[in-house]
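By convention in this document, chain letters (A, B, ...) are assigned in the order of the sequence lines, proteins followed by strands, and residues within each chain are numbered from 1.
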Number of protein chains: 2
Amino acid sequence: MAVTDEAIEKIKGMIVSGALRPGDRLPKESELAAALGLSRNSLREAVRALSLIRILDVRQGDGTYVTSLDPQLLLEALSFVVDFHRDDTVLEFLAVRRILEPAATAMAAARISEQQLDVLAGQLDRLGDAPSVEELVAGDLEFHRGIVQTSGNSVLCSLLDGLSGPTTRARVWRGLTQEDAVSRTLHEHRAILAALRDRDAEAARSWATAHIASVEQWLRASL
Amino acid sequence: MAVTDEAIEKIKGMIVSGALRPGDRLPKESELAAALGLSRNSLREAVRALSLIRILDVRQGDGTYVTSLDPQLLLEALSFVVDFHRDDTVLEFLAVRRILEPAATAMAAARISEQQLDVLAGQLDRLGDAPSVEELVAGDLEFHRGIVQTSGNSVLCSLLDGLSGPTTRARVWRGLTQEDAVSRTLHEHRAILAALRDRDAEAARSWATAHIASVEQWLRASL
DNA sequence: GTCGTCCCAGACGTCCGACGTCTCACGTCA
DNA sequence: TGACGTGAGACGTCGGACGTCTGGGACGAC
């Protein structure tokens, strides 16, 4: 195994074992390199790799720190990876979202506050009846994220965020050319919101499932 | 933005745009560094980072290649990230698994072959009535993976693999000290298998849910 | 002709030393 | 007391040198 890979494993070990805790500062590069028995260049490759996936936070002129290691932060790296997938796997990602999002929406029904409901309603109102594709994609993202965030499970929230981030969603909408796609989407969003306001978890789950299923159906037909 | 980060973005762009396709070989480090306008050292940091998340495959003495970019491969990096999460987030991961796994198990009911059913049954038989904790963890992993793989969705499969890989599962079992945990788990596995053999998707889903819920319950009580 | 072996060009792996750039903290001065 | 300048120290980048490994071609035995 290359010394750089060893260094990655050792740094990982120091964090997992608790020797390095979230927020801790690492020894400076030259010292850590000496301690791990490799050159500064090779160590930097290890640090850079761990920094890409948000394990470490490198600040020029200051030092290198362990991040908070929050699920939200670590799963951010997921969207980076998801960007690489080819178009022909979009349907598989959508199928996973179809499993997760209805569950998250149902969980939100019991927890969402009146204030948050009003915020979501305001979003939909501002979007109007005939938004542009860019506005719709942004609004769609914001709407679902707002709901999922109140599910109370940060892992679930981050996972959905990563799986259906801006890039994926844009790819989906690029494939949706049907006339009534926009109006049906807006209608379904309002139905989900109404179910949440009624605290009806099952209705919310069903509307969320139907919402994603219809997107899936359109997409399957247009591929 | 640092030159290394720029290099990461440029290489990502080359892949996403299709200029570099899965399996393609990159120019040698010195040439690519010159083309991107940075030193070989800095370029290596970028390549190393992309290699950690399985975007690139570096072979000493040969060259650097784009991987297959299969969901299965890319989501492998997920388990690396999951290893860093603290114990207090295990329940959140388990809650997500409780959403995904029943769905995957239900999907498998319609697709699993008689041969695969026999393989799973053989696994359970070999495990016996009183396996060690290590054997049980390994068997548990193998059993669920065998089912999920027949769901037909590689993204779903890889995601579950990453979320509940060896490390996470070992952490869960470490917390399970109750006497009847082992026998109840084995019983539930057999129930899931019976439902699959009956092609009863709803029964399979319910048993999978109950199975994870009981693990969740034990874990919550023992934390 | 086929197969196995040897050898080497070429690519990645590692290291060193130097210098640039940025932060933070400290001390100065109004 | 506050703003400002300055310097030590950390990361950022570079070029070159050498080590290590792989793949493929040349060569010879069968």
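Classification of the A/H211-A/H144 ring pair by plane angle, with boundaries at 30° and 60°, yields parallel. Using a 30° and 60° split on the angle between ring planes, A/F93 and A/H85 fall in the perpendicular class, above 60°.
Residues B/D70 and A/R86 are paired through a salt bridge, judged by an N-O separation under 4.0 Å between the basic side chain and the carboxylate. We find that A/D5 and A/K10 are not joined by a salt bridge, their nearest charged nitrogen and carboxylate oxygen being 4.0 Å or further apart.
Residue-level contact check: B/S30 touches neither bases nor backbone, having no heavy atom under 4.0 Å from any strand.
A donor and an acceptor atom never sit less than 3.5 Å apart when one is taken from the side chain of B/Q60 and the other from the base of D/dT22. A donor-acceptor contact under 3.5 Å is not formed by the side chain of A/R59 with the base of D/dG12.
Judged by distance alone, the side chains of A/T89 and A/E92 never bring a donor and an acceptor atom under 3.5 Å apart.
Atom P of nucleotide D/dG23 and atom CZ of B/R25 are separated by 10 Å, given to the nearest angstrom. Across the protein-nucleic acid pair, B/R44 atom CZ and C/dC15 atom P stand 11 Å apart, rounded to whole Å. Atoms CG (A/D57) and P (D/dC11) sit 12 Å apart, rounded to a whole Å. Whole-Å rounding puts the B/R40 CZ to D/dG19 C1' distance at 11 Å. A straight line from CG of B/L32 to P of C/dA11 spans 13 Å, rounded to a whole angstrom. Atom-to-atom, CG of B/N41 to P of D/dC11 comes out at 16 Å; the value is rounded to the nearest Å. The CG atom of B/D5 sits 18 Å away from the P atom of C/dT21 (whole-angstrom rounding). The distance between atom OH of B/Y65 and atom P of D/dG23, rounded to the nearest whole Å, is 8 Å.
Among D/dT13, D/dC11, C/dC15, the nucleotide with an atom closest to any side-chain atom of A/R48 is D/dT13. With distances taken from any side-chain atom of A/S39 to the nucleotides D/dT13, C/dT21, C/dC15, the minimum falls on C/dC15.
Side-chain N/O atoms of A/T64 include none lying less than 4.0 angstrom from OP1 or OP2 on D/dA10. Close to D/dG12, at under 4.0 Å from its OP1 or OP2, lies no side-chain N or O of B/T4.
Ranked by how close their nearest DNA chain C nucleotide is to the 5' end, A/D62 and A/E45 are led by A/E45.
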